[in-house]
There are 2 protein chains.
Amino acid sequence: MELRQLKYFVRAAELLNFTQAADDLYITQSTLSHQIKELETSLNVLLFDRIGRRVKLTESGEIMLEYARRTIRQAEEAKQVLMDLNNLKTGKIIIGSTYGLVNLLLQSATEFNEEFPDIQIQIVLGSTSDLMQKIRSYEIDCMLSFMPSSEDNQLDVMRLFSANLSLILHTSHPWSKLKKITFQKIAELPLVLPSQSYSIRNFLDETLLKNNMQLKAKIEINDIHSLLDLVNSKKWCTILMDTSLFHFPELVAVPIESKNITREATITFPSGIYRKASLVFFQNLIMKKMVMHNLV
Amino acid sequence: MELRQLKYFVRAAELLNFTQAADDLYITQSTLSHQIKELETSLNVLLFDRIGRRVKLTESGEIMLEYARRTIRQAEEAKQVLMDLNNLKTGKIIIGSTYGLVNLLLQSATEFNEEFPDIQIQIVLGSTSDLMQKIRSYEIDCMLSFMPSSEDNQLDVMRLFSANLSLILHTSHPWSKLKKITFQKIAELPLVLPSQSYSIRNFLDETLLKNNMQLKAKIEINDIHSLLDLVNSKKWCTILMDTSLFHFPELVAVPIESKNITREATITFPSGIYRKASLVFFQNLIMKKMVMHNLV
DNA sequence: TATTATAAATCGAAAATTTCGATCGTTTAC
DNA sequence: GTAAACGATCGAAATTTTCGATTTATAATA
């Protein structure tokens, strides 16, 4: 058993397709096939069921996948600790985010880069559940998301700030000074809404359902920035979390009058494993930003 | 970085002598030298200080040693879990013991072998501190010892039974029916004592010191069984924990009247890591034996 | 049902890596 | 000052890994 073989195995187990996995690993399919077999021989166990031309993990394979990841992780942690020890500010951090928080993330990423110009920041957008799965398999270092405080003790979830479902208006709009607003009133306005691919949209739809309300969007769009551009043009309004307004000084958020319009933004790490220096810095950066914006 | 290199590194770090380590690993010194250098290159860090013809670990090396062991351990755990899953009752368990408990261990070993004839039992005798160090570096699977309940949360210590410092006599001796006896009285008897290499002897000496007492042994011997043979010949007495009497039906233990004559026998595992099926069986065996002998 | 496309296994050769044995250069011990 | 001990280095040998081509089996399609 060698780390190389474990890495090959993990990728093959993830893709369940030797050809693709081999491409991904920049080796040939024959090499992968051979090395998997070698690993199986050394463990004296079959890791894959070869059913015809397709493969699936055996029970042993499922278990081995977990241990293989842990072993690789342990080795990478060793390397990272040594790098931190030597104050080597190089490498990469991979940060997951839901669409609703990518705005916040991008700002922090810029500041991060000023401190660590040689550390690459890789951003992975996805749904909360996508990202949680990636955290578990160590594919991302941390994630930003709106999340119901989960009881999973494999995850280290920290609260960042509360966000309220709000009507987003241009300051020139007569209602922009309101302290709050009802769904009934909103129904009168020309609405642009984010498309279903955003979790905010699901949250809005659920909230409407609970309130026995309906809202029809005149326009749907799958890019928050473009959406806000539209609102900025004074012709439209939208509904977003009030914290999505970074960089639009002429827009205001009016909280909606209803129950359960609050969501908690969180940053999540896999728990119990070494947190590299750069990642700790990133975490502090994000949290400091929260304080600065009085969002806490 | 490969597991092979980590294994080479760990052995070299333990022996701090490449030539010896290479012998131990059944490779040549040149191979070891080369592979260590390869590892250092891949980590971009020096693991050893080469001072003249001698080597010592760098700070990075010390840290790496810990991570290397963890990584190797994780890989071996994977293998073990798969073996357990397939009900493969083969392999090896390595059990540490202090001299005072090896008697108990040997009995259990015999029973263990009846259940798992294909699992090799390797017994490592040593002092409590020796063994604790070996537990920490995963050299032994568990250990039997008398131990003051340690607060180390890296160790999983379980109590087996209490043992009292006792005078050991032949049943024919007039004092053999006594319920207890003082050190003053014992001083009148012809004593054989275990030599300083046994922890029981240290414990006895400390207890005497606390009681402002002295005892002179006529004979000292570094083998408990031979010592008991002498006592069995009716000419001698000795002082041991009362639980050391297995297999000598004609000997009795008379507890000594004094404070702090009790020690707790314990079985200790490294905590938080997978315990293979055979080891769990061994643990149950030992604990069941305790119940059977009413030692709990 | 025959045909085609897909995917893993297998085989032999090439490439790369690991290992070895011999030797070199220091350092330590006597 | 000499000999022994030890790690580094070098080139060659052995082993392992990788590759490309081919085979085999299966699923999809005509």
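The chains referred to below are lettered A, B, ... by the order of the sequence lines, with proteins before strands, and numbering in each begins at 1.
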Atom-to-atom span, [atom1] of [X] to [atom2] of [N] - whole angstrom:
X     : N      : atom1 : atom2 : result
B:I36 : D:dT9  : CD1   : P     : 14 Å
B:L32 : D:dC6  : CG    : P     : 14 Å
A:K37 : C:dA8  : NZ    : C1'   : 10 Å
A:L57 : C:dA8  : CG    : P     : 13 Å
B:E40 : D:dG7  : CD    : P     : 13 Å
B:R50 : C:dC24 : CZ    : P     : 22 Å
B:L16 : D:dA5  : CG    : P     : 19 Å
A:D49 : C:dA9  : CG    : P     : 12 Å

Practice prompt. Please answer whether the main-chain N or O of B:A277 pairs with a side-chain N or O of B:D84 as donor and acceptor at a distance below 3.5 Å.
Written response: yes
Item to complete: Mark yes or no for whether B:T31, through its side chain, and B:I27, through its backbone, hold a donor-acceptor pair below 3.5 Å.
Response: no
Worksheet item: Do B:Q35 and B:R4 have side-chain atoms, one donor and one acceptor, less than 3.5 Å apart?
Response: yes
Discussion item. Strictly below 4.0 Å: does A:N17 bring a side-chain N or O up to OP1 or OP2 of C:dA8?
Written reply: yes
Fill in: Contact under 4.0 Å: B:T19 side-chain N or O vs D:dC6 OP1/OP2
no
Worksheet item: B:F18 and B:F48: aromatic ring centres closer than 6.0 Å?
Response: yes
Item to complete: Answer yes if the ring centres of B:F146 and B:F203 are under 6.0 angstrom apart, and no otherwise.
Response: no
Discussion item. Counting C-beta onward and ignoring hydrogens, is there a side-chain heavy-atom pair between B:V10 and B:I72 closer than 4.5 Å?
Written reply: yes
Discussion item. At under 4.0 Å between heavy atoms, how does the protein contact nucleotides 13-27 of chain D? Give one character per nucleotide, 5' to 3', with B, S or -.
Written reply: ----SBBBB----BB
